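Structure first, then comments.
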Amino acid sequence: MAEVPDLLRLSKVPSNLAQNVETDLLETSTFQEASSTGTGFARFDLQQKGFLHSHSKLFVSLVPMAGQAGIASVPVNVGIGSVIQRAVLKCGNQTLNEIDDWNHLHMIKSAQIDNENNVEREYYTTGRMMNHKFVYQPSVAGVGARDPNLSGKIELDNGRDYNVAGGAEAQLLDPMPFAQLVAASPEESPVYSIDLSDLFPFLKTHSLPLYMIEQQMSVELHWSPTDDKRVVLDNAKTAATADYTIDTRELKLAADYIYYTDGDIMERYKEANKSLEFSFPDYRLSKTTVTVADLAAGIVRNVGMANRLCSRVVSIVSNDATGDQSIIGPYNSFCPARTVPGPAGGETGAVKYNVRYNDRFEFPTALDNKAQIFSHFTRSEGVPFVCSEEFADEYAQLTAANAYLARLQANFLRGHFWMLGTRLTTGRVGVRGIELHLTQAGMPAAAGGYTLRTFSEYARLARLEDGFLQVFNA
């Protein structure tokens, strides 16, 4: 008998092995829309055939509230990911991946997408549009002499020209026509997609052999509230008119199933692999509400993860009250503000960051240099494609005049992408868990305080034996 290739590791599949791909458009087996204060729910059941392609896609569209003026759009940094608050991948009664506040984790992961991909691809497929361009400001009456060949600022760029008001410099940028949610034409609302591999880290490293699994595989999604979590509005709308619901006619899961057609190779693979093991990451969320005074005094918070093999932790400090009155909605992370607002402002408030576990600190002294904090986040997660003013409210670069959806970019992007991350070096966490030590002085005032979220990545194992899956921590 010829050697059976490893069909789960695509790098080892022979290049001449023929494949067929079959796509099913799956409807929800259960659906409940969210309310203005509570979450909704949807469930998709996968069929037991072939190998599930990791880039199978969920299609989602929103219906704007009738009778409202103005334009709405999905947040530019997370796109349509704003509608999903929790994502669960289940096999029978076993949970492979389960991520709470997935849309906030998606904000962190989306920051690693480079500008070109955002504007050329993601804008059309997922609604994400964190792309920048240089601002060239010509000399106009009443403004003063400028060199039109020099640029001192940057601004958002979706490929569309800014409007020119009264002969002055360009000021207003709206979403492209296809990306606008307009109550007068709800049938023209865009349909976006989300990769299953973005929802579930398991699928980033493995293909699921569905034909070998006897249990029911299901995708369970919990929708975010409809009040101010899904879209961002222009100045013609208010928070009370932000009820945007999911279009159930467009809600589909495009499940791609891969078949290998070289004789009976799939059956031979099944017979040769009675027992399979998968190792994969998962994320556990710890969140709490903190005040400006709490952050200034310093927070010590235990985020759990005792006895688990934890590889890294990422923390964000979000103002959830910004909602639809922002460019990026509540999917933000605030850093300390400048002592004096504006381009000529002074230094931002002091920051101290450290992580303690196994009776030792990850850093001998707490990190208080924002450039050093940025470097550690980059080593942990990757390079965030945001400017330094968006990350740490330093080195004024954003235009103070130009707006997106009639909201000044500098007001809603400056210091809103502050992310703290570190890769842990000791390995398995002891019984006392992980402690986050964080001080952020001089935070902007926030109605209702801030929400401190910490996502801890840890290792899990799944074992497939005789068609039944068992999942446990590594």
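By convention here, the first residue in the shown sequence is residue 1. Note that the structure is a prediction, hence the values are computed from the model and not measured.
Taken to the nearest 0.5 Å, the CG atom of L199 stands 9.5 Å off from the NZ atom of K204. Put simply, CZ on F361 and CZ on R356 are 5.0 Å apart, with the number rounded to the nearest 0.5 Å. Here the CD1 atom belonging to I327 is positioned 8.5 Å from the CE atom belonging to M129, to the nearest 0.5 angstrom. Put simply, CZ on F455 and CZ on R312 are 13.0 Å apart, with the number rounded to the nearest 0.5 Å. Rounding to the nearest 0.5 Å places CG of L181 at 11.5 Å from CD of E188.
Looking only at distances, no side-chain donor or acceptor of H376 sits under 3.5 Å from a matching main-chain atom of R423. Side chain of N131 to backbone of D157: a donor-acceptor contact under 3.5 angstrom is found. Remark: the backbone N or O of K229 is paired with a side-chain donor or acceptor of Y331 at under 3.5 angstrom. The backbone N or O of T291 sits less than 3.5 Å from a side-chain atom of D294, completing a donor-acceptor pair. The closest donor-acceptor contact from the side chain of S315 to the backbone of T454 lies at 3.5 Å or more, if one exists at all. In terms of modelled atom types and a separation under 3.5 Å, the side chain of W102 and the main chain of D198 share a donor-acceptor contact. Side-chain atoms of N358 come within 3.5 Å of backbone N or O of G430 as a donor-acceptor pair. A donor-acceptor contact shorter than 3.5 Å is absent between the side chain of D195 and the backbone of S197. The main-chain N or O of V191 is never found under 3.5 Å from a side-chain atom of E250 such that the two would form a donor-acceptor pair. With hydrogens and angles disregarded, a donor-acceptor distance shorter than 3.5 Å links the side chain of S224 to the backbone of S82.
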Would you sort out whether I84 and V60 count as a side-chain contact (heavy atoms from CB on, under 4.5 Å), showing the intermediate values? CA-CA 10 Å; I84 298 177; V60 186; 5.8 Å; no

Could you walk me through whether H132 and E390 pass the side chain to side chain donor-acceptor pair (under 3.5 Å) check? CA-CA 12 Å; H132 303 83; E390 291 168 332; 2.8 Å; yes

Does S193 form a side-chain contact (heavy atoms from CB on, under 4.5 Å) with T125? I'd like the steps, not just the answer. CA-CA 6 Å; S193 65; T125 59; 4.1 Å; yes

Are I373 and W418 close enough, and set up right, to give a side-chain contact (heavy atoms from CB on, under 4.5 Å), and what steps lead you there? CA-CA 10 Å; I373 290 174; W418 173 250; 3.9 Å; yes

Step-by-step salt bridge (charged side-chain N to carboxylate O under 4.0 Å, His left out) determination, R284 to D282: CA-CA 7 Å; R284 180 60 58 89; D282 205 354; over 6 Å; no

Worked check of side-chain contact (heavy atoms from CB on, under 4.5 Å) between L367 and L420: CA-CA 10 Å; L367 302 182; L420 304 156; over 6 Å; no

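A cation-pi contact, defined as under 6.0 Å to the ring centre and within 45° of the axis, is absent between R460 and F280. Note that R308 lies in the cation-pi zone of Y458, set by a 6.0 Å cut-off to the ring centre and a 45° limit from the axis.
The two atoms that bring C310 and I434 nearest to each other are SG-CD1, 3.8 Å, heavy atoms only. Counting all heavy atoms, side chain and backbone alike, M130 lies closest to L156 at SD-CD2, 4.1 Å. The shortest heavy-atom contact between S36 and P225 is O-CB, 3.7 Å. Heavy-atom minimum distance, P201 versus P281: CB-O, 3.5 Å. In terms of heavy atoms, V78 sits closest to R128 at C-CG, 3.5 Å. Of all non-hydrogen atoms in Q180 and P175, the two that sit nearest each other are NE2-O, 2.9 Å.
Side chains of S388 and E394: no donor on one and acceptor on the other come within 3.5 Å. When only modelled atom types and interatomic distance are considered, T322 and N332 share a side-chain donor-acceptor pair under 3.5 Å. Side chain to side chain, E33 and T226 fail the donor-acceptor criterion of an N or O pair below 3.5 Å. For the residue pair R360/T426, the side-chain donor-acceptor check at 3.5 Å is satisfied.
Counting heavy atoms from C-beta outward, W223 and T39 have side chains that stay 4.5 Å or more apart. Looking only at side-chain heavy atoms (C-beta outward), S456 and S286 stay at 4.5 Å or farther from each other.
Ion pairing between a basic and an acidic side chain is recognised when a charged N comes within 4.0 Å of a carboxylate O; E27 and K252 show such pairing. A salt bridge between D320 and R453 is present, with a side-chain N of the basic residue lying under 4.0 Å from a carboxylate O of the acidic one. The pair R160-D174 does not count as a salt bridge, with every side-chain nitrogen at least 4.0 angstrom from each carboxylate oxygen. Here D368 does not pair with K352 in a salt bridge; the nearest charged N to carboxylate O distance is not below 4.0 Å. Comment: R121 does not engage E116 in a salt bridge, judged by the lack of any side-chain N to carboxylate O separation of less than 4.0 angstrom.
Residue D101 forms a side chain to side chain contact (heavy atoms under 4.5 Å, CB included) with just one option from Q85, H106, M107, and that option is Q85. Checked options F391, Y353, F417; the residue passing with F374 is F391 (criterion: ring pair (Phe, Tyr, Trp, His ring centres under 6.0 Å)). Here the rule is side chain to side chain contact (heavy atoms under 4.5 Å, CB included) with Y404, and of L173, D234, L413, I328 only L173 fits it. Looking at T422, N354, T425 one by one, the single match for side chain to side chain donor-acceptor pair (under 3.5 Å) with E362 turns out to be T425.
Taking the six-membered ring wherever Trp is involved, the centroid distance between the rings of F412 and H416 does not fall below 6.0 Å.
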